[in-house]
Amino acid sequence: MASISSSPRTVEEIFKDYSARRSALIRALTNDVDEFYMLCDPEKENLCLYGHPNESWEVTLPAEEVPPELPEPALGINFARDGMKRTDWLSLVAVHSDCWLLSVAFYFGARLNRNERKRLFSLINDLPTVFEVVTGRKPTKDKPSVDSGTKSRNSAKRPIDGQMRSNPKLLDESYGEDEDEHSETLCGSCGGNYNADEFWIGCDICERWFHGKCVKITPARAESIKQYKCPSCSTKRSRQ
């Protein structure tokens with residue numbers, strides 16, 4: 001791993017480091033997937049998947065020093081290997097890899113100013129995520145701001161282009177223009193008020209909204225849910 005003394009400093013250097021690590025992780029999860037799968041033996045200790053600046057990847061134990069020189073990847077990816085479908089497990093590793101790539105990039109970018117950080121994220125955001133590459137998903141294009149600003153909370157749960165969208169990000173997209181509408185939204189689990197900085201998901205049955213953390217749904221998992229049922233609605237249907 002790169003040492004702090006030789007760490008990238010500028011936006012361009014950090015993005016180059018990000019791109020190289022990303023390429024390594026994508027190769028591990030696609031072209032070299034059989035080798036990667038075999039290395040993640042559940043019988044071994046906690047293993048991590050690293051992508052290095054020279055575009056090589058490595059499955060190994062975490063760094064021994066505390067705190068580590070750089071943010072560490074997800075620990076123990078090998079333990080879940082045999083308990084999930086192979087494609088689901090690879091998708092899970094891909095999501096964690098995306099998180100790690102961002103954490104390393106913004107660790108290097110800690111000294112950047114606001115505009116430089118924004119430019120760095122813009123460069124990163126223009127690339128498909130590791131998750132999108134591994135799962136074969138195409139990045140969704142941003143909709144015009146006028147369109148997103150006029151969407152209501154209920155329309156976010158209606159079928160769009162043949163797909164069910166229970167993605168609460170639509171709630172966030174229109175927050176700037178419809179703040180009054182969202183200010184009265186309460187979490188159906190904890191009763192907390194809506195906050196644009198938090199991930200929310202809407203139930204397609206009772207049309208209530210919930211903090212993702214309250215119902216244990218992550219943004220990545222929400223992407224794969226065609227119709228979301230909250231715990232209460234799921235319990236009612238199972239009784240019937």
Side-chain angles (χ1 to χ4, degrees), residues 1-2 14-63 68 70-108 121 123-141 161-169 199 201 212-213 215-229:
M1 295 184 352
I14 296 171
F15 179 65
K16 183 179 180 181
D17 180 272
Y18 171 91
S19 299
R21 294 176 190 273
R22 171 183 172 274
S23 296
L25 295 175
I26 288 175
R27 191 168 71 253
L29 297 170
T30 55
N31 293 347
D32 302 342
V33 66
D34 290 333
E35 180 185 353
F36 168 69
Y37 190 86
M38 293 300 296
L39 289 171
C40 293
D41 186 348
E43 297 298 322
K44 295 181 180 179
E45 296 183 55
N46 287 294
L47 296 176
C48 301
L49 172 61
Y50 292 89
H52 298 305
N54 62 358
E55 297 193 14
S56 66
W57 60 270
E58 181 182 16
V59 173
T60 187
L61 297 171
L70 287 178
E72 288 286 283
L75 181 66
I77 56 172
N78 51 311
F79 290 149
R81 192 195 72 175
D82 293 347
M84 305 174 65
K85 288 173 58 177
R86 176 163 163 156
T87 53
D88 292 341
W89 177 70
L90 291 173
S91 298
L92 180 65
V93 175
V95 169
H96 283 294
S97 296
D98 281 317
C99 295
W100 178 67
L101 287 171
L102 283 174
S103 67
V104 171
F106 279 83
Y107 178 85
F108 286 139
F121 182 76
L123 288 170
I124 291 172
N125 205 36
D126 284 339
L127 293 174
T129 63
V130 177
F131 175 77
E132 287 169 339
V133 173
V134 171
T135 59
R137 296 190 180 197
K138 294 181 179 179
T140 55
K141 294 182 180 180
D161 297 332
Q163 288 187 325
M164 185 67 72
R165 294 286 295 275
S166 60
N167 190 346
K169 289 177 184 176
F199 175 75
I201 188 165
K213 61 186 179 182
V215 291
K216 298 181 180 179
I217 298 291
T218 63
R221 186 179 172 193
E223 288 290 336
S224 63
I225 298 176
K226 292 183 179 180
Q227 185 182 48
Y228 173 68
K229 290 183 238 177

Exercise. How many angstroms lie between atom CD of Glu35 and atom SG of Cys40, to the nearest 0.5 angstrom?
Worked result: 10.5 Å
Problem set entry | Side-chain donor/acceptor of Arg21 to backbone N/O of Trp100, under 3.5 Å | no
For this session: Check whether any side-chain N or O of Ser56 sits under 3.5 Å from a backbone N or O of His52 as a donor-acceptor pair, and report yes or no.
Result: no
Exercise. Are there more than 12 heavy atoms of other residues, nucleotides or ligands under 6.0 Å from atom CD of Glu45?
Worked result: no
For this session: Mind checking the OG-CD1 spacing from Ser19 to Ile14? Nearest 0.5 Å is all I need.
Result: 11.5 Å
Exercise. Which class fits the ring pair Phe36 and Trp89: parallel under 30°, tilted 30 to 60°, perpendicular over 60°?
Worked result: parallel
Exercise. Which pair of non-hydrogen atoms, one from Pro71 and one from Tyr107, has the smallest distance, and what is that distance?
Worked result: CD-CG, 3.7 Å
Exercise. Once you round to the nearest 0.5 Å, how far does CD1 of Ile201 lie from OG1 of Thr218?
Worked result: 9.0 Å
Exercise. In a check of side chain to side chain contact (heavy atoms under 4.5 Å, CB included) between Arg22 and each of Thr129, Asp17, Leu101, which one passes?
Worked result: Leu101
Problem set entry | Evaluation steps, side-chain contact (heavy atoms from CB on, under 4.5 Å), between Arg137 and Ser224 | CA-CA 11 Å; Arg137 296 190 180 197; Ser224 63; 3.7 Å; yes
For this session: Looking only at non-hydrogen atoms, find the nearest pair between Ala74 and Cys48 and report the distance.
Result: O-SG, 3.6 Å
Exercise. For atom OH of Tyr37, is the number of surrounding heavy atoms from other residues, nucleotides or ligands below 6.0 Å larger than 12?
Worked result: yes
Exercise. What distance do Tyr18 atom OH and Leu127 atom CG have between them, rounded to the nearest 0.5 Å?
Worked result: 6.0 Å
Problem set entry | Side-chain (Asp98) to main-chain (Phe131) donor-acceptor, under 3.5 angstrom | yes
Problem set entry | Worked verdict on Tyr228 versus Arg221 for side-chain contact (heavy atoms from CB on, under 4.5 Å) | CA-CA 11 Å; Tyr228 173 68; Arg221 186 179 172 193; over 6 Å; no
Problem set entry | Euclidean distance, Leu90 CG relative to Met84 CE, rounded to 0.5 Å | 9.0 Å
For this session: Inspect the surroundings of NZ in Lys44 and state if more than 12 heavy atoms from other residues, nucleotides or ligands are less than 6.0 Å away.
Result: yes
Problem set entry | Asp41 versus Asn78, closest heavy-atom pair with distance | O-ND2, 3.0 Å
Problem set entry | Heavy-atom closest pair, residues Leu39 and Leu47 | O-CD1, 3.5 Å
For this session: Report the C-alpha separation of Trp57 and Leu49 in whole Å, then their side-chain angles, then the decisive distance to 0.1 Å, and conclude whether the side-chain contact (heavy atoms from CB on, under 4.5 Å) test is met.
Result: CA-CA 7 Å; Trp57 60 270; Leu49 172 61; 4.0 Å; yes
Seminar exercise, completed: In terms of heavy-atom contacts, Leu61 and Tyr50 come closest through O-OH, 3.7 Å
Seminar exercise, completed: Distance col, row His96:NE2 vs Leu25:CG, nearest 0.5 angstrom, shows 13.5 Å
For this session: State, to 0.1 Å, how close Ile124 and Ala105 come at their nearest heavy-atom pair, and which atoms those are.
Result: CD1-CB, 4.0 Å
